[in-house]
Visitor: 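The following block contains the structure, expressed as structure tokens.
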Amino acid sequence: MRKFLNCKSGFAEQMVWQTDCWVSVVQPTPEDVRYLTDELLIPQAFLSDIEDVDERPRMETEDGWTLMILRIPYRNMHDDIPFITVPLGIVMNENCLVTICHYETDMLPDFLIYMRRKGLEVRNNWDLLFRLFLSSSVWYLKSLKQLNNQSRAVEKELERSIQNAELQRLLKIEKSLVFFITSLRGNDNLLIKLKMLKSQRQYFDLELVEDVEIELRQAQDTSRIYSDILSGTMDAFASVISNNLNVIMKRMTAISLLLMIPTLIASLYGMNIRNGLEEAPYGMWLIVVISVLLSVVIFGLFKRKKWL
């Protein structure tokens, strides 16, 4: 699906491409691919690179087009890992800017709503590029907050659990953080390359570039902090689970010992030998009293040593 958005008219949607239009392509169909290659003459190699889910952030130039691949966060609805990152391809030349993403993310619709609500306009393609860069960093921070809230909820469950399910959930959250850290590092390298383009620097909004850099650094620092905290939390709770299991086993062993005392006494007096209580009218009750007394004594000893 492709849209033509006029950057000079509040990102109003157009029927066909015009000057100052941003071409947004999400989950491209074969017809969209033919339009990009036949009408806009975008190199096929660029489209293949964008389609690769593992493609790293980079910049490349061919046939007058410049390709920039940006990694953006994506809520993963088809796997247990809550968030992954996917490539957003930005292909531009002097007159046209095209964004291509093979996943339907929340970032691009939110970006449009924000730009329209604020009434912001872009002066050129580089301005739009850096605003998309800024939006991706903001969405990383939003996703990190959600991951942090999920990890806190799992931690509360872990405090009273001896199962591995909660630790596995934390492990999946940690995988998301690893994806974020790797992608943000790649985006940072891409930003450094963009800042080194001396021939295009005259078109840059320096304040906007500085905002992008600040948000990107904040997202990197936050993801690393959350990852370090989560790693320490997983190690601590693994020890807590092991300790909880040891406490349960200790209590079960103490209960087994308490039950073993009356069993042992009954076994001794139940042997087919003379023991002096065969004819006693209250022999059974005497054995019961002795068993109970010994069990009470052992129970008090265990309580004193805090084994129960």
Side-chain angles (χ1 to χ4, degrees), residues 73 75-84 142-182 221-308:
R75 181 184 291 275
N76 191 12
M77 306 299 294
H78 307 291
D79 200 352
D80 293 333
I81 301 176
F83 286 93
I84 59 174
K142 291 181 180 179
S143 302
L144 285 168
K145 289 181 180 179
Q146 296 182 38
L147 287 174
N148 189 42
N149 292 334
Q150 291 182 21
S151 65
R152 288 182 179 178
V154 176
E155 288 172 13
K156 291 181 180 179
E157 296 178 12
L158 268 174
E159 290 176 357
R160 54 182 182 274
S161 173
I162 60 172
Q163 303 296 326
N164 291 329
E166 286 76 14
L167 279 178
Q168 292 174 354
R169 289 172 60 189
L170 286 180
L171 179 61
K172 293 181 175 79
I173 294 175
E174 187 177 29
K175 288 182 179 179
S176 293
L177 291 174
V178 172
F179 290 148
F180 279 15
I181 292 173
T182 305
D221 294 341
T222 303
S223 59
R224 281 195 292 264
I225 290 171
Y226 284 172
S227 180
D228 293 342
I229 292 175
L230 189 58
S231 297
T233 300
M234 291 180 61
D235 294 340
F237 275 110
S239 301
V240 169
I241 289 177
S242 178
N243 183 65
N244 290 343
L245 182 60
N246 291 336
V247 170
I248 291 175
M249 293 303 298
K250 182 177 68 175
R251 290 177 178 175
M252 292 180 64
T253 303
I255 293 172
S256 299
L257 290 174
L258 289 175
L259 295 176
M260 187 184 69
I261 294 172
T263 302
L264 177 61
I265 295 174
S267 299
L268 290 175
Y269 283 99
M271 294 181 181
N272 192 18
I273 58 175
R274 299 184 65 83
N275 51 37
L277 296 177
E278 296 88 348
E279 305 297 334
Y282 302 107
M284 186 188 72
W285 298 108
L286 178 61
I287 293 172
V288 171
V289 171
I290 293 174
S291 300
V292 170
L293 288 176
L294 287 176
S295 297
V296 170
V297 171
I298 298 299
F299 178 79
L301 180 63
F302 285 172
K303 288 290 290 184
R304 185 177 180 181
K305 291 184 175 293
K306 297 182 180 180
W307 289 358
L308 283 173

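Given the structure is predicted, the values throughout are model-derived calculations rather than measurements.
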Visitor: Rounded to the nearest 0.5 Å, how far does CE of Met260 lie from CD1 of Ile298?
Guide: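 Between Ile298 CD1 and Met260 CE, I get 9.0 Å after rounding to 0.5 Å.
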Visitor: To the nearest 0.5 Å, what is the distance between CZ on Arg251 and OG on Ser256?
Guide: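 Output value for this atom pair is 14.0 Å.
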Visitor: Around atom NZ of Lys175, are there more than 12 heavy atoms of other residues, nucleotides or ligands at under 6.0 Å?
Guide: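 Check fails, neighbour count at 12 or below.
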Visitor: Do Glu174 and Ser231 have a side chain donor and acceptor closer than 3.5 Å?
Guide: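 Present: a donor and an acceptor within the cut-off.
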Visitor: If we only count heavy atoms from C-beta on, is the Gln150 to Pro82 side-chain gap below 4.5 Å?
Guide: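 SC-SC contact between Gln150 and Pro82 confirmed.
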Visitor: Measuring only between side-chain heavy atoms, which start at C-beta, is Phe180 closer than 4.5 Å to Phe83?
Guide: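 Contact flag for Phe180/Phe83 side chains = yes.
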Visitor: Using every non-hydrogen atom in the two residues, find where Ser151 and Leu230 come nearest and quote the distance to one decimal.
Guide: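 Taking every non-hydrogen atom into account, CB-CD1, 4.1 Å.
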Visitor: I'd like to know if the side chain of Thr182 reaches the main chain of Phe179, judged simply by a donor and an acceptor atom lying under 3.5 Å from each other, with no hydrogens or angles considered.
Guide: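 Judged by distance alone, no pair lies under 3.5 Å.
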Visitor: May I ask you to test the Leu147-Leu177 pair for a side-chain heavy-atom distance under 4.5 Å?
Guide: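 Answer yes - side chains close enough.
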Visitor: Which residues pass the side-chain contact (heavy atoms from CB on, under 4.5 Å) test with Ile229, not counting sequence neighbours?
Guide: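 If we apply the side-chain contact (heavy atoms from CB on, under 4.5 Å) test to Ile229, skipping adjacent residues, the hits are Ile225, Thr233.
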Visitor: Hey, is NZ on Lys145 packed in by over 12 heavy atoms from elsewhere, all under 6.0 Å?
Guide: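 Open: at most 12 neighbouring heavy atoms sit under 6.0 Å from NZ of Lys145.
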Visitor: Could you list the residues that satisfy side-chain contact (heavy atoms from CB on, under 4.5 Å) with Asn76, not counting sequence neighbours?
Guide: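 Checked Asn76 against side-chain contact (heavy atoms from CB on, under 4.5 Å); matches are His78, Asp79, Ile81, Ile84.
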Visitor: State the CG-CZ distance between Leu257 and Phe299, to the nearest 0.5 angstrom.
Guide: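 Answer for the CG-CZ pair, Leu257 versus Phe299, is 13.5 Å.
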Visitor: If only atom types and distance count, is the side chain of Ser227 paired as donor or acceptor with the main-chain N or O of Ser223 below 3.5 Å?
Guide: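 No.
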